[in-house]
Peer 1: 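The structure is given below, and queries will be raised subsequently.
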Amino acid sequence: MILKDFNSNWKFEKENEVILVDLPHDAMLHEKRCLNGPCGVGGAYFSGGFYTYTKSFIVPKEFINKSIHLHVLGAYRNSIVYVNNQEIYSHKYGYTDYFVELTKYLNYGQSNEIKITVDNTLVPNSRWYSGAGLYRGVELYIGGMDHFNINDIKLNTVSLDPITLSYTIPYTSNKKLDVLMEIYDQDRCIKKNHKDHGIINLDAIPWDIDNPKLYTFKFYLMDKDEIIDTYSLEYGFRTLKYTTKGFYLNGKKVVLKGACLHHDNGILGAKSIYDAEVKRLFILKNAGFNAIRSAHNPASIHLLKACDRLGILVMDELVDMWLYHKTEYDYATDFKDNYMHDLKSMIDKDYNHPSVIMYSLGNELASPTTLNMEGFRILNELCDYIHKNDYRPSTMGVNFTNLEREELNAHKERYKMMEVYTNSDEIVDDYNQIVTRFGYGMAEIACQEDSERVSIDTFKVLDLAGYNYAYKRYELDSKIHPERIIVGTETMCEDIYKNYERMKKYPQVIGDFIWTGIDYLGEVGIGGYFDYDHHFQKPYPWILANGGAFDLLGYPTGEAYLAMITYGKATLELASYIYDEKETKSAWRWTNSRNTYTYKDDVIGKDIVVEVYSKYPIVELFVNGKSLGKKEILNGFTTYKFPYEKGYLKALAIQDNQVVEEKILATSMESKLTSRIDYSGSDITYIYFEYKDSKNTIDTTREDLISVSITGGKLLGIGSANPKTEDNYIKNEAHAFLGAAMIAVKKTEKDTHVIAKDSISSFEITF
């Protein structure tokens, strides 16, 4: 099966608007946002829509003896595929890929038309920004009439001493054909084999997080001496082992330093492009994270490929809801009819990716308990399928506060769903105030007797017990469930340091996944500080969750510095924020701090909070040369509060009565617009625009409008990390926020020229 580029020049039609687009394409970015946008707080006040993608192409006559398959990597949602106006396939779920054989529907030697409709009209259907359309792109595979079943090729490393590979390479023919497998280390063939299944030994280097070594497998389907089909993939040799003493990768204990990660790529919307996935994974890996949880849907193929190559471990998650709706039109409507097909699709996609180490079957579900026998039956069926078809363990993000309880059944009628998530003002007021005031009480609720009663049978079925916000069960279950292997599937950023220490104390807790690694679109304001009411989600024009260790552009927050200190990627860092006693902080953002000491003149004399993060036991903070005293570092950081004055901060780290490190953070003086290329790949170049002074300090007060024009390239996205904006990511201008904005550009010619302007200056970038 030969892969052909099939992403260019699709005709995109929305109502009466027709434009040419390249895939991946996020149709939702073309919708208007407004105060009453029907996607609501979850979908960032966008609208839904019905979209049609068409592409015409000529199929050569000589292809009449070929098989041709369309691979849709992701279509949100309810997609239907037509060939020459004939409907041939439909697919409900928006996050699983699917293959469609086109062979018998094509006209050979003539022009053909593929049409894919995507129906995302019924909204809200997601608790976050879903995006829409063919947002993960498509591929075209051309092979022989007898060809490999590429979804069923399975590679599994069963031992490392020596490296031993179990494999199966199925094909479609009814007659016996020859299969040749060649394994390459770059250009050097290290192994050849002439069987379609079996076990072989190799002299190779294992794949791990520090050295993600990949090999290229080439497969040839042969009828005597004639090659009738080919296929290739990348694979890394590694073994997994889970015990109550920890998780072992290649026999070496590895603590999972994880971050939950939504599927959107910031200013690109929901589009999944390999370079975009690499960029955000670099951000997390450089901060010390070694694992991600795909929240709350199957990861894209591009994301998994990036994880394979960068050495990032993956908990891939099936879905956000089962039997009960969390939004009015979400996938709970279709889950019961499709869950086995969706699980198979996820496993088929993931099987040969060494980065994938476990499967999560869902997030914060009420139903998989013995109080709901239908949910419990589904749980057993899903786990049984994994055990029969994969070697990886199953888990689930269990939040004990929304597990179904008999005493809660009386509230079903009022809430219409057990997993409360709605736009009803009455319910949101109740729910938000509870979450805002008692967010950390979830850990207490998890330890209650009824939490144990309704969850115990579920955890007997799952291979790994996934705990959302339930760190207080770690000590409890080390005593009452010493056989249970636990993973912190979702935890508060504030607890990252303490949870890392807990994992040292309770080795049966194999990892911790903070909410969340990088800020994301939708679920607006869940991490926002509240200065006007108790709603943890915000009104229009809020567009971002305002959570995450890193903001939408990848700049660190105080939470990122805590992670970097915890995981040994930093030794001394400074961050600050303006103190306001009226503000109520969110459970999902415990600090509003940034790496800045630059504020507007009206802040002078008002209190600010400076956070000092350090691996050393004692720090001393100076403001314009005046000491504010020494403080002990507890759980990775300490704070100072004082009236703001312009100038500079200096932090000294002290160990054994000796100054071992210092860090200076200064107020930005007169600044101007600058640019830098942050990342450049084959598909995307990211360029940052930052307002900096002569000492390279960013002026975080600047919010100027920046416009760009491009020749020799295509603008894929433009925007800032502003959680509350009406800027449009697909236009050619955006306001800076905290002194910065970013563009993503696709090169179309050898030299690409970008002209950037604000109200004062203009300059050109060529790359």
Peer 1: Which heavy atom of Ala470 sits nearest a heavy atom of Ala446, and at what distance?
Peer 2: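 Scanning both residues completely, I find the closest heavy atoms to be CB-CB, 3.6 Å.
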Peer 1: Any chance you could measure Glu483, atom CD, to Gln508, atom CD, to the nearest 0.5 Å?
Peer 2: 8.0 Å
Peer 1: Enumerate, atom names and distances included, each donor-acceptor pair closer than 3.5 Å involving a side-chain atom of residues 242-253, sequence neighbours excluded.
Peer 2:
unit_1, atom_1, unit_2, atom_2, d
Tyr242, OH, Ile357, O, 2.6
Thr243, OG1, Lys245, N, 2.9
Thr243, OG1, Gly246, N, 3.3
Thr243, OG1, Gly246, O, 3.3
Asn250, OD1, Thr239, N, 2.9
Asn250, ND2, Trp207, O, 2.9
Lys253, NZ, Lys245, O, 2.9

Peer 1: Testing the basics here: between Ala295 and Cys260, what is the closest heavy-atom pair and its distance to 0.1 Å?
Peer 2: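 What the structure gives for the nearest pair is CB-CB, 4.3 Å.
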Peer 1: Say whether, by atom type as modelled, one donor and one acceptor occur between the side chain of Asp551 and the main chain of Tyr555 under 3.5 angstrom.
Peer 2: yes
Peer 1: Is there a donor-acceptor contact under 3.5 Å from the side chain of Lys257 to the main chain of Thr566?
Peer 2: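 Judged by distance alone, no pair lies under 3.5 Å.
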Peer 1: Thinking salt bridges, do Glu559 and Arg589 make one under a 4.0 Å N-O criterion?
Peer 2: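 Judged by the 4.0 Å cut-off on N to carboxylate O distance, Glu559 and Arg589 do form a salt bridge.
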Peer 1: Is it the case that the side chain of Asn546 and the backbone of Val524 share a donor-acceptor pair, with hydrogens and angles ignored and the cut-off at 3.5 Å?
Peer 2: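 Flag not set: sc Asn546 to bb Val524 has no pair under 3.5 Å.
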Peer 1: Tyr469 vs Trp588 aromatic rings, parallel, tilted or perpendicular, using cut-offs 30° and 60°?
Peer 2: perpendicular
Peer 1: Is there any salt bridge (Lys or Arg N to Asp or Glu O under 4.0 Å) pair reaching into residues 616-645, and which pairs are they, with sequence neighbours excluded?
Peer 2: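 As it turns out, there is no salt bridge (Lys or Arg N to Asp or Glu O under 4.0 Å) pair with a partner in residues 616-645 once direct neighbours are skipped.
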Peer 1: For the pair Arg293 and Glu490, find out whether any cationic side-chain nitrogen is under 4.0 Å from an anionic carboxylate oxygen.
Peer 2: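 Yes.
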Peer 1: Any side-chain heavy atom of Tyr679 within less than 4.5 Å of one from Ile283?
Peer 2: no
Peer 1: Given Tyr520, which of Trp515, Phe550, Tyr129 fulfils the ring pair (Phe, Tyr, Trp, His ring centres under 6.0 Å) condition?
Peer 2: Trp515
Peer 1: With heavy-atom distances below 4.5 Å as the criterion, would you say the side chains of Arg238 and Thr157 are in contact?
Peer 2: no
Peer 1: Taking Asn265's backbone N and O only, do any of them form a donor-acceptor pair with Arg280's side chain (distance below 3.5 Å, no angle check)?
Peer 2: no
Peer 1: Sort out for me which residue in Asp607, Val609, Ile608 forms a side-chain contact (heavy atoms from CB on, under 4.5 Å) with Phe642.
Peer 2: Ile608
Peer 1: Check the pair Arg502, Glu475 against salt bridge (charged side-chain N to carboxylate O under 4.0 Å, His left out), reporting the backbone distance first and the verdict last.
Peer 2: CA-CA 9 Å; Arg502 291 181 181 112; Glu475 180 178 7; over 6 Å; no
Peer 1: Is the backbone N or O of Tyr597 less than 3.5 Å from a side-chain atom of Thr667, with the two atoms forming a donor-acceptor pair by type?
Peer 2: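 Answer holds: yes.
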Peer 1: Determine whether Tyr506 and Tyr474 satisfy the following criterion, ring pair (Phe, Tyr, Trp, His ring centres under 6.0 Å), listing intermediate values before the conclusion.
Peer 2: CA-CA 7 Å; Tyr506 307 111; Tyr474 297 169; 7.2 Å; no
Peer 1: Side chains of Tyr467 and Asp477: is there a donor and an acceptor less than 3.5 Å apart?
Peer 2: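 Yes, a side-chain donor-acceptor pair sits under 3.5 Å.
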Peer 1: Does a donor on one side chain sit under 3.5 Å from an acceptor on the other, for Asp512 and Tyr500?
Peer 2: no
Peer 1: Please give me the minimum heavy-atom distance between Val278 and Ala306, naming the atom from each residue.
Peer 2: CG2-CB, 3.7 Å
Peer 1: Indicate the atoms forming the closest heavy-atom contact of Ser355 with Leu304, along with that distance.
Peer 2: OG-O, 3.7 Å
Peer 1: Side-chain contact test, heavy atoms from C-beta onward, threshold under 4.5 Å: evaluate it for Met346 versus Asp316 and give yes or no.
Peer 2: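 They are in contact (side-chain heavy atoms under 4.5 Å apart), so the answer is yes.
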Peer 1: Leu552 and Ser720: which non-hydrogen atoms are nearest, and at how many Å?
Peer 2: CD2-O, 3.7 Å
Peer 1: Between Leu574 and Val610, is there a side-chain heavy-atom distance shorter than 4.5 Å?
Peer 2: yes
Peer 1: For Asn211, I'd like to know if atom CG has over 12 heavy atoms of other residues, nucleotides or ligands within 6.0 Å.
Peer 2: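 Atom CG in Asn211 is crowded, with more than 12 foreign heavy atoms closer than 6.0 Å.
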Peer 1: Run the numbers on Asp390 and Arg392 for salt bridge (charged side-chain N to carboxylate O under 4.0 Å, His left out), then give the verdict.
Peer 2: CA-CA 6 Å; Asp390 206 311; Arg392 298 172 176 91; 3.1 Å; yes
Peer 1: Quick one: does Cys307's side chain get under 4.5 Å of Ile292's, heavy atoms only?
Peer 2: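 Result yes, sub-4.5 Å side-chain heavy-atom pair found.
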Peer 1: Is it the case that atom NZ in Lys724 sees more than 12 heavy atoms from other parts of the structure closer than 6.0 Å?
Peer 2: no
Peer 1: Should Tyr561 and Met564 count as side-chain neighbours, where that means a heavy-atom distance under 4.5 Å?
Peer 2: yes
Peer 1: Should the ring pair Phe637 and Trp590 be called parallel, tilted or perpendicular, given that the plane angle runs from 0 to 90° and is split at 30 and 60?
Peer 2: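 Phe637 vs Trp590 ring planes: tilted.
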Peer 1: Are the side chain of Asn624 and the backbone of Tyr648 linked by a donor-acceptor contact shorter than 3.5 Å?
Peer 2: yes
Peer 1: Taking Thr557 for its side chain and Ala549 for its backbone only, find out whether a donor-acceptor pair lies under 3.5 Å.
Peer 2: yes
Peer 1: Pick from Glu317, His263, Glu364, Lys326: which one makes a side-chain hydrogen bond (donor to acceptor under 3.5 Å, both in side chains) with His296?
Peer 2: Glu317
Peer 1: Using only atom types and a distance under 3.5 Å, with no angle test, would you say the side chain of Asn722 pairs donor to acceptor with the backbone of Phe737?
Peer 2: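 Between the backbone of Phe737 and the side chain of Asn722 there is no qualifying donor-acceptor contact (under 3.5 Å).
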Peer 1: Short question: side chain of Ser576, backbone of Thr596 - any donor-acceptor pair under 3.5 Å?
Peer 2: yes
Peer 1: State, with a plain yes or no, whether a side-chain heavy atom of Ile445 is found less than 4.5 Å away from one of Ser451.
Peer 2: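 A side-chain contact exists here, since the closest heavy-atom pair is under 4.5 Å.
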Peer 1: Inspect the surroundings of NZ in Lys285 and state if more than 12 heavy atoms from other residues, nucleotides or ligands are less than 6.0 Å away.
Peer 2: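 Yes, NZ of Lys285 has more than 12 neighbouring heavy atoms, counting only those of other groups under 6.0 Å.
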Peer 1: May I ask you to test the Thr639-Thr591 pair for a side-chain heavy-atom distance under 4.5 Å?
Peer 2: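 A side-chain contact is absent here, since even the closest heavy-atom pair is not under 4.5 Å.
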Peer 1: Under a 4.0 Å N-O cut-off, is there an ion pair linking Glu452 with Arg473?
Peer 2: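 Answer for the salt bridge query: yes.
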Peer 1: Specify the closest pair of heavy atoms between Val612 and Ala651, including all atoms of both residues, with the distance to one decimal.
Peer 2: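 Closest approach of Val612 to Ala651: CG1-CB, 4.2 Å.
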Peer 1: Please work out which of the three classes, parallel, tilted or perpendicular, describes the rings of Tyr95 and Trp128, given edges at 30° and 60°.
Peer 2: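 Taking Tyr95 first and then Trp128, their aromatic rings sit tilted (interplane angle of 30° to 60°).
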Peer 1: Keeping Thr598 on the side-chain end and Thr700 on the backbone end, is there a donor-acceptor pair under 3.5 Å?
Peer 2: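 No, because the side chain of Thr598 does not come within donor-acceptor range (under 3.5 Å) of the backbone of Thr700.
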Peer 1: Establish, yes or no, whether the cationic atom of Lys498 lies under 6.0 Å from the six-membered ring centre of Tyr471 and within 45° of the ring axis.
Peer 2: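 Not flagged: Lys498 not positioned over aromatic ring of Tyr471.
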Peer 1: Can we say Lys505 and Glu501 salt-bridge, meaning some charged N sits less than 4.0 Å from an Asp/Glu carboxylate O?
Peer 2: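 So Lys505 does not pair with Glu501 through a salt bridge.
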